[in-house]
Structure formats: C-alpha cells, structure tokens
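Chain A is the first sequence line, chain B the second, and so forth, proteins listed ahead of strands; every chain is numbered from 1. These numbers come from the heavy atoms of this one structure, side chains and all, not from hydrogens, waters or symmetry mates.
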Amino acid sequence: MSRFWRPGSEKPTAAIVEDEEGGVLFLPTSTSSSSSSGFGYASLERQRQRLPVYKYRKAILYLVERHATTIVVGETGSGKSTQIPQYLKEAGWAEAGRLIGCTQPRRLAVQSVASRVAEEVGVRLGEEVGYTIRFEDQTNPGTTMIKFLTDGVLIREMMEDPLLTKYSVIMVDEAHERSISTDMLLGLLKKIQRRRPDLRLIISSATIEARSMSTFFNIRRKNSMLASADCLPNTEPAILSVEGKGYTVEIHYVEEPVSDYLQASVNTVLIIHEKEPPGDILVFLTGQDDIDTAVKMLNEEIQHRGRHYLDLLILPLYSGLPRGDQDLIFTPTSKGKRKVVISTNIAETSLTLEISDIESLVVAPISKASARQRAGRAGRVRPGKCFRLYTEEFYLKEMQPEGVPEMQRSNLVSCIIQLKALGIDNILGFDWPASPSPEAMIRALEVLYSLGILDEDAKLTVPLGFQVAEIPLDPMISKMILSANNFGCSDEILTIAAFLSVQSVWVSMRGVKKEFDEAKLRFAAAEGDHVTFLNIYKGFHQSGKSSQWCYKNFLNHQTLKKVIDIREQLVRIIKRFGIPLTSCNRDMEVVRKAIIAGAFANVCHLEEYSQNGMYKTIRTSQEVYIHPSSVLFRVNPKWVIYQSLVSTDKHYMRNVIAIEPSWLTEAAPHFYQFRTPNPALH
DNA sequence: GAGCACTGC
C-alpha cells in the first residue's frame, strides 16, 4: 500500500518540458476535443469547456499529482478559480473525507465563487460545495468536498488544527494581491508542507511574479529517506500559464503631464462622450472628496452644454456610500444613455462591475500592475479603451512595477500575535514571501510587551496573551476588552470595541451638511467619540434596528448591522473565557479607564498657548491634531487619548476621548508613575 | 476650519 494517496490520472498528451532552472514549463496542445455530457447540464457543461483553463485540465491534474506546489498564472476570466477545484474533485482529491480548500482575499469573492461552483456541480450550496467566512459557515462536515474560504479564516483554522489535516489540496487564489493575510498564509503553508509532504498547494496569481513565488516554495527535504521514496511529490514547484478571456484594451496616454487631474478627468469624460461610440465610462479618482467634486463639476457641465450631454448619467462609487446608492451602479442603462461611474479603487478589485461596454480612465501614481488591472476592467465583455492621464514616459520610467506588499508597509502587531499563537517563537526567522523590516517587527514586539501580551522572553503571557490572540481584533482593543472586567463595564466596552473595528458609521452627503452636523450632535457625548458610539448603539437598538432610523440620522445601516454581528461574536468569546457581561450603568469614568488600559501609550496633552488645537504626544512629543470627524474637534480638552493616528498633511488623531491625567497611574500603572509635578505642564 | 483609499478575522 502506498503511503500517500494518489488519484489515478493519466499523463497528459501535451508536452511537458522539465525546465533547466528547476521549474516545469507546460506547452499546451491545440484545442482539445470535448464531449458533451448529455442531458440536463449540457449547457453548463459546454460553458465550462469553453473556458480557457479547460484545455489545461489534464496538465493541471498531472502537475498537482507530481509536484508539491503548482503555480498557475492566469488573467481574470480564465476560469481557474471555479474550475480547478472541480477538476481536483473529479480526479478524486476529495475522497476519503478529505477537503479541497480554495482561499480568496475577500468575502464577496468567496460567496460568489462558491455559489457558482455549487451550481455547476449541481448541488445545494453548503453540501458538497460550501464556504466559510467570518459570521457565516456554509459547510457540512462529512459532506463538503470543496470548501471556499477567506485566507484569514484558514489562518484561524490553523489554531485548531495546525497542520490543516483535513485538507488534501489548498489553492491560494489571487496571490498577486499580496495582502497581509495571503502572505502570512503562504509562509505558514510552506512550513506545513515540511511536515506534511502529502499536502498539495496551488498558488494562483494574475501576474508573472511566478518565478519568485517558485523560488519561495522550492524546499529541500531534510529527511533524505523521505526524499528517496518515489511516492512523494517533487518539491520543485511547477509553473503553468493559462491565457485569459479578456478582450483587447486600447491604451491612450496624454502627451504632456496634466496640472489639474480633476479638471483633466472631467474634460476627458466630455471628450469621450463627444467622440467615442456608445459605451459606459469608469473613472478612477483618489478619494471621496475628489469624487464628489468631479460629480458636481460634470453635472454643472451637463447643465450648461447642449441636449446631447443630458445622456450622461453620473454616478459616484465608494465604500462609504449607502448600499442603495451603490446598487444604482448595477442597474442597466436605458438606451441612448451613457453611464459614468466615478470610483475609488473599490472598482479595481472588490466590485466586479458587470456593466457592458466599459471605457476606462485612469489617474494617480499607482503601480504598473494596478494600472494594468484597471485597464483590464474595460475589456471584460468586449474590446475597450483606456485613457491614462499621465504620459507614456511616466508609465514606463517612473511607475513601480508592483505595489509594495502590505506586509512591508503596515502594522505587524496582529500578525505577530497570530504567529505566536500558532507556536512560532522565532518571529525574526520566519520565512515570508516578502519580509517586513526587522525594525518594524521589533517595534511590534515592543508594543505587545508593553501591553503585557508578551513576556520578557517574547512568549505569550497566560492568560492575557493567549486570550488576546483568540480575539479577532487589534490587540490594543482586545486588551481594552479584557481589562474592562476589572472595571465592571464589559457590556459597554464590547460595544465600543465593535464600533472601533468597522469603518465610519456615518454616511456623509454633500449639500446637506447642516442636517448632517445636527444629526451628529444628537449623539455627540462630551467625553468623546467612544461614548458617542454608545449613544448611537442605544438609539439603533431602540429603533428596532430600523434602516429608516439610520437614514434619518445619516448612519450607515449596513455598518451598524456589522457592529451588532461583531459584538455578538465578542460576547461569545468572552463568555468562553469566563468573563461575565456587566454594565456600569452610565458611569463613564470606568469606561474611560478601561479604554486607557488598552490605549495608554496614546495619551496627548493640549499645548497651552496653541491657537489651533495642537497637541503633543506624551511619549514622543509628536505634534498631533484632533481629526475633523471627531466629536471633540474644536472642543480640544486638555488631556486626550486616541485610538489611531492618520497622517496626511498633519498627524490626525482618530477616535478621541477626554481623560484625567490622574487616571493614568491607575489604569496603566506599569507605564505611568507619579512624580513631582512638572511646572511646564501647568 | 478641514478630512487618502480598500480588505480581513
């Protein structure tokens, strides 16, 4: 009996060339003959066979059987996300109760790919084909064979089952996006592979970074006994390239750099409308502000110009927009109208605009990879055009080929604590696809140490460290939750924690600024933003979670429902820890003390003679200001503590609460001590 | 008197 289960699959007829450099290159045969599977699913089956990935079916199965890691490079529209898991199932990789896993970076992608595959397989979603995302598990253990999940969920699963023993194959999709959790997952899977040579990995990526990915996964087996066993797969990754189904997109550049990109994009839209045949337009701008301005400018032009321009339908798109307004984008345009969607980069990856006939317009210093992806949005259903508001020379000489991976530009605190919880002690020696700087790692380790989550040996503390690792939030917020128990206000703090982990709950609307400010004042608390959240939560509950109520109060209904979901998840977690849910009944002093227990390092003091609300941080004397979105903006209490810092032209404190300095020694005694009063502070 | 975007657990 062979030790490792191998599905029977014949060697493909196409030529496979063992590459000198170690990888395997695959040369496809021409179109393969296909047989329709008869009645019922014939049409779905024919659709499947028309996908570009279909003619690589045998090759993929062959490579997966022979190689521990297979890297599939293919543009969007090749069908790899939906087809490869099905091929694996058909070849027997889900037999004997094992799972085929396929990760996606985003929840929406998980849901839509899973339901598409369930439909193609002809089963009910949640049975043979299922998915798991946070707050939603649509799988049936024992029945599910193909499971789609976000990469973050798979990392969480490792805490229960470190070697992911249930899975026979794991496909990591959209690996080129290089999100923190994808990179972390790749590093962890590489580690698992050493202990589980039978596990097969498929890394799917849209760009040709395949070489570096291949180098990363090229592992040498330590145990030579194992290496000689012929039932083991080759550890050298195979690379396979699949063409996409996208149409050609004609690229245009400006001849001279533009000075005002907003005006230039407005002009370009108008010129496209004059000169180009029918087709919708997608414009990428940098932020909500610019989008609102551009919408206004275009609508003014439409009013001033002739009748022909009334055919333009201008629609903004960004995540803070209420759901109903976002849905407008998907409603088909009436005949003769031209839809102009003005969007943030949300339309680059997160939303697939299934509007036909898109023409695209790109702005801003982004990476070449990102620019290509945006242009690709114009060629999904038919050939399109892309107008870049920078010169070709700038594209070729100035723009970076790839964006910097998130791992190398963000806070590593959450990442490190998850690795620690998985028993990885040597963080500095962890093998990442893109290593963060040692300085960034040391900074994160220091934060965790000061919060009491790691001890002097950089090990998780008991119970605090292990509990924090189990809570799916920023460790600063998790610490706040666990401290709330000492102050008898866990009920209130869980609500605050849930608000702190969603985007802004406010929906801003231009033109009704006065009403918006009034709505905000209805909830504003003198203590600051955290207590304001408690007021909003109370109001939302009393309204019966009404969307009408949200609309009246300029609040985002979707976001508030998410707050409720997160809060419920947190309640379950702290109950598991044996922490009771207790309310402090409007005693906001204890609530603020619990907040300090998590955010004590972020205390700021108002500069005495400052006319413009300048604060300085206690730790580093950095100049900071209260963010205009805070209820304490222009109130400027003497002492404040902030939850996060955003840097634009100034450093702005977001989510701010007023505190008394005397509380610091009680809420964070290890960090603050009494000393002789400093006359400079009075 | 003025606010960068987007994911995820």
Interatomic distance where CG belongs to A:Asn612 and P belongs to B:dA2 [whole Å]: 9 Å
To the nearest angstrom, how far is A:Met614 atom CE from B:dG1 atom P? 15 Å
Side-chain N or O of A:Thr344 less than 4.0 angstrom from OP1 or OP2 on B:dC4? no
Does A:Arg107 put a side-chain nitrogen or oxygen below 4.0 Å from OP1 or OP2 of B:dC9? yes
Given the options A:Leu645, A:Asn602, A:Val624, A:Thr617 meets side chain to side chain contact (heavy atoms under 4.5 Å, CB included) only with A:Val624
Whole-Å distance, A:Glu177 CD to B:dC6 P, equals 15 Å
Can a salt bridge be assigned to the pair A:Lys520 and A:Glu515 using a cut-off of 4.0 Å between side-chain N and carboxylate O? no
Tell me if the aromatic rings of A:Tyr131 and A:Phe148 count as close, with their centers under 6.0 Å from one another. no
Per atom distances to the A:Val646 side chain, the nearest of B:dA5, B:dC4, B:dT7 is B:dC4
Take atom CG of A:Asp151 and atom C1' of B:dT7, then tell me their distance rounded to the nearest Å. 10 Å
Going by atom types alone, do A:Arg654 and A:Ser644 pair a side-chain donor with an acceptor below 3.5 Å? no
Could you tell me how far apart A:Leu412 (CG) and B:dG8 (P) are, to the nearest whole angstrom? 20 Å
Grab the OH-C1' distance between A:Tyr652 and B:dA5 for me, whole Å please. 17 Å
Side-chain atoms of A:Val153 come closest, of B:dC9, B:dG3, B:dT7, to B:dC9
Which of the following nucleotides, B:dG1, B:dC6, B:dG3, is nearest to the side chain of A:Phe633? B:dG1
What nucleotide, of B:dC6, B:dC9, B:dG3, holds the atom closest to the side chain of A:Thr150? B:dC9
Honestly, is A:Lys190 close enough over A:Phe216, meaning NZ or CZ under 6.0 Å from the six-membered ring centre and within 45° of the axis? yes
Nearest-angstrom distance from the residue atom CG of A:Asn636 to P of B:dA2: 13 Å
Residue A:Arg634, side-chain heavy atoms: nucleotide from B:dC9, B:dG1, B:dT7 that is nearest: B:dG1
Measure from NZ on A:Lys650 to C1' on B:dC4 and round the result to the nearest Å. 16 Å
NA contact type, A:Pro472, heavy-atom cut-off 4.0 Å: base, sugar-phosphate, or nothing? base
